[in-house]
K.L.:
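Have a look at the structure that comes next, please.
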Amino acid sequence: MTSPASQPVQGMSDLGPPEIAAWQKIEEKARQVLSLYHFSEVRTPVLEHTSVFTRSLGDTTDVVQKEMYTFEDRGRRSLTLRPEGTAGVMRYVAGQGAEALDARLYYLGPMFRCERPQAGRKRQFHQLGVEALGAPSAAADVEVIALQQHIFSSWGLRNCRVEVNTRGTPEDRKTVSEGLVNALRPHADKLCEDCRRRLETNVLRVLDCKNPDCGKVVDQLPPVTSFMSEVSRKYLDEVMRLLAMLNIPAKLNPRLVRGLDYYVHTVWEVRHPGLGAQDAISGGGRYRIDIGGKAIDGVGFAVGLERVLAALEHDKPEGLRAASNPVAWIISMGEKAMEENLVLAQTLRLRGIQCGLDLAGRSMKAQMREANRSQAAYAIIRGDREMEAGVLVLKNMVDGGQEELELPALIEKLVGASRGEVAKT
RNA sequence: GUGGAUGUAGCUCAGCUUGGCAGAGCACCAGGUUGUGGCCCUGGUCGUCGCGGGUUCAAAUCCCGUCAUCCACCCCA
């Protein structure tokens, strides 16, 4: 069953017919909402020059340092399987004309990170990402957060809320980290081992340490925004005010930290309870990325689709798993009838009626059982007996009633039933 | 990268402590019902016990290695 040759690579998995229906459903719903907000899809390659990521994500981030699938191709170029979507989209935008600098784009596809797999963390996983380019404004950030929430509610996602924070301007970074280090150093003895290391490498990470002792120290600190410029504080206030105006339930979380270097001003994250340790289903923020000599401003977010599906499993999948059932299942008795029924199936399908049939010559009972399993609304029975009489038996699989019809009448009836099905959904 | 748990039929799992014929439920197939599904009854099929090696008269069971999955850390979507 699980010989190495029959398994996918570690942390990667197949999506078969049982799972795929839900995937297609959430993709379709997301696309509908995205078009309401006038966003267009972009598809960039899965493989990029490594520098695309090292430059925009930051050389020292964990994603770049220890999670990327990087290798040399035959021309000895360093290539990397994309660990996230923004960098590639920015490379694309930089190659376009100036008018692309206010594009509204989204992408959907597999991302790769070579981490130790666990629940909610695959080595190949899928993200839906949105990038709204253009000069910074709180209103633009809020519009994108509103879009995100709109997509979530189209999926029927409940029990999740947005946490918002700010990273300030690029100029703020230095004062923030100096300020934090100075404020924390006197309490270094109360911090965990990891946080003492973070004091030197990445102070911001001390803020969201899960260790309760570190939390106590952090709670005593002056707010991070106090190390920032007036501009940054105003920007954050504006974002919170507009979110309230749009009735978007968002919580200011001064301890929220986002890992990638390109973020400025607004950052946010969405968590879902009941997902275990990997509970962030979406993360985003405003960014400024320098690429190809251009500085690109934008705001965006990325949603982890595997985690969304896990969250939906937890909430209530209502409506998301409905696979389309055939309208009719055709049952044949005898070889001659089976051939005629193959023709019938083709006729029905060309008329847009979804149907199935058994071509293996199995017993009536077996074929009926299959019809039942397929959840078809009707069974059509035609054997040699019906062939002689020039009729077909149409059986209603719900109430069990059946009638004999000639071919044209049967087709018309099924066309009607098929339309009814479509109208209902 | 660190620490822990698990891997037996298509699925969910028992059996492992103390080595002795490979099991249950669900699913699937057939019959009960000569051409009528779902419910019920009866019967049946399906296993390199994750993989490789070792110990032993004998290994699903004990030992070593390996691969994979899960949980937590780290980090992230």
Side-chain angles (χ1 to χ4, degrees), chain A residues 1-13 16 18 57 60-68 83-86 108-130 148 160 192-195 197-198 201-202 205 208-211 257-260 268-272 275-285 300-311 329 331-334 337 360 362-376 378-386 393-402:
Chain A
M1 169 185 85
T2 47
S3 72
S6 69
Q7 282 182 3
V9 174
Q10 181 180 31
M12 313 203 171
S13 43
L57 308 191
T60 60
T61 55
D62 279 26
V63 171
V64 167
Q65 281 197 330
K66 44 187 208 193
E67 295 171 5
M68 296 203 305
E84 58 94 63
T86 301
L108 180 53
M111 306 294 160
F112 303 84
R113 292 186 197 177
C114 193
E115 301 177 87
R116 185 81 166 263
Q118 70 187 72
R121 181 199 278 161
K122 290 280 179 193
R123 289 183 167 183
Q124 175 175 335
F125 61 103
H126 296 78
Q127 284 187 341
L128 164 67
V130 166
Q148 175 192 260
C160 57
C192 70
E193 198 182 321
D194 285 332
C195 282
R197 180 175 47 77
R198 287 170 179 137
T201 58
N202 192 356
R205 282 280 164 223
D208 69 347
C209 182
K210 284 174 192 162
N211 186 313
V257 177
R258 308 264 322 136
L260 308 178
W268 72 87
E269 217 165 84
V270 181
R271 297 169 188 287
H272 191 280
L275 280 194
Q278 265 59 52
D279 61 351
I281 60 176
S282 176
F301 60 87
V303 184
L305 297 181
E306 280 83 358
R307 291 185 187 176
V308 163
L309 288 166
W329 199 266
I331 289 164
S332 316
M333 294 306 296
R362 300 202 292 155
S363 74
M364 171 122 230
K365 183 169 182 159
Q367 293 187 62
M368 280 302 294
R369 195 163 42 227
E370 203 176 356
N372 186 56
R373 252 199 307 269
S374 79
Q375 307 217 33
Y378 291 96
I380 299 167
I381 304 166
R382 178 161 65 171
D384 296 335
R385 204 183 284 168
E386 287 78 15
V393 172
L394 182 66
K395 173 167 178 142
N396 183 318
M397 291 300 280
V398 179
D399 63 26
Q402 61 184 53

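As a basis for the values below, the full set of heavy atoms in this structure was taken, side chains included, without hydrogen atoms, waters or symmetry mates.
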K.L.:
To the side chain of A:Gln402, which of B:G37, B:U36, B:C75 is closest?
P.N.:
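Output: B:U36.
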K.L.:
Counting only side-chain heavy atoms from C-beta out, which of B:G35, B:C73, B:C28 sits nearest to A:Gln118?
P.N.:
B:C73
K.L.:
Among the candidates B:C73, B:G35, B:C29, find the nucleotide nearest to the side-chain atoms of A:Met364.
P.N.:
B:G35
K.L.:
Quick one: is B:C29 close enough that its OP1 or OP2 comes under 4.0 Å of any side-chain N or O from A:Arg362?
P.N.:
yes
K.L.:
Would you say A:Lys210 places a side-chain N or O within less than 4.0 Å of OP1 or OP2 belonging to B:C73?
P.N.:
yes
K.L.:
Can you tell me if the side-chain N/O atoms of A:Arg121 get under 4.0 Å from OP1 or OP2 in B:U69?
P.N.:
no
K.L.:
Nearest-Å distance, NZ (A:Lys365) to P (B:U33)?
P.N.:
10 Å
K.L.:
Report yes if a side-chain nitrogen or oxygen of A:Arg198 is closer than 4.0 Å to either non-bridging phosphate oxygen (OP1 or OP2) of B:C75; otherwise report no.
P.N.:
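It does, given that an N or O in the side chain of A:Arg198 lies less than 4.0 Å from OP1 or OP2 of B:C75.
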K.L.:
B:G35 P sits how many Å from A:Asp384 CG, rounded?
P.N.:
11 Å
K.L.:
Taking the side chain as every heavy atom from C-beta outward, state whether A:Gln367 and A:Ile381 have any atom pair closer than 4.5 Å.
P.N.:
no
K.L.:
Take the protein atom CZ of A:Arg373 and the nucleotide atom P of B:C29, then report the distance between them rounded to whole Å.
P.N.:
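Distance, rounded to whole Å: 4 Å.
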K.L.:
For the side chain of A:Phe125, starting at C-beta, report the closest nucleotide among B:U2, B:A77, B:U69.
P.N.:
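Side chain of A:Phe125 sits closest to B:A77.
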K.L.:
Whole angstroms only, please: what is the CE-P distance between A:Met68 and B:C75?
P.N.:
18 Å
K.L.:
Would you please confirm or rule out a distance under 4.0 Å between OP1 or OP2 of B:C28 and any side-chain N or O of A:Arg369?
P.N.:
no
K.L.:
Using the side-chain heavy atoms of A:Pro117, tell me which of these nucleotides is nearest: B:U69, B:G32, B:G35.
P.N.:
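Between B:U69, B:G32, B:G35, the one nearest the side chain of A:Pro117 would be B:U69.
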K.L.:
How many Å lie between CD on A:Gln367 and C1' on B:C28, as a whole number?
P.N.:
17 Å
K.L.:
Considering only B:G1, B:A30, B:A77, which nucleotide approaches the side chain of A:Arg116 most closely?
P.N.:
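Shortest atom-to-atom distance from the side chain points to B:G1.
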K.L.:
To the side chain of A:Ala366, which of B:A30, B:C74, B:A77 is closest?
P.N.:
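Comparing B:A30, B:C74, B:A77 against the side chain of A:Ala366, the answer is B:A30.
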K.L.:
When you get a sec, tell me which of B:A77, B:A30, B:G37 is the closest nucleotide to the side chain of A:Ala280?
P.N.:
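The listed nucleotide nearest to A:Ala280's side chain is B:A77.
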K.L.:
Would you find a donor on one side and an acceptor on the other, under 3.5 Å apart, between the side chain of A:Arg382 and the backbone of A:Ala337?
P.N.:
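No: the side chain of A:Arg382 does not pair with the backbone of A:Ala337.
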K.L.:
Using modelled atom types and a 3.5 Å cut-off, is there a donor and acceptor pairing between side-chain atoms of A:Glu306 and backbone atoms of A:His126?
P.N.:
yes
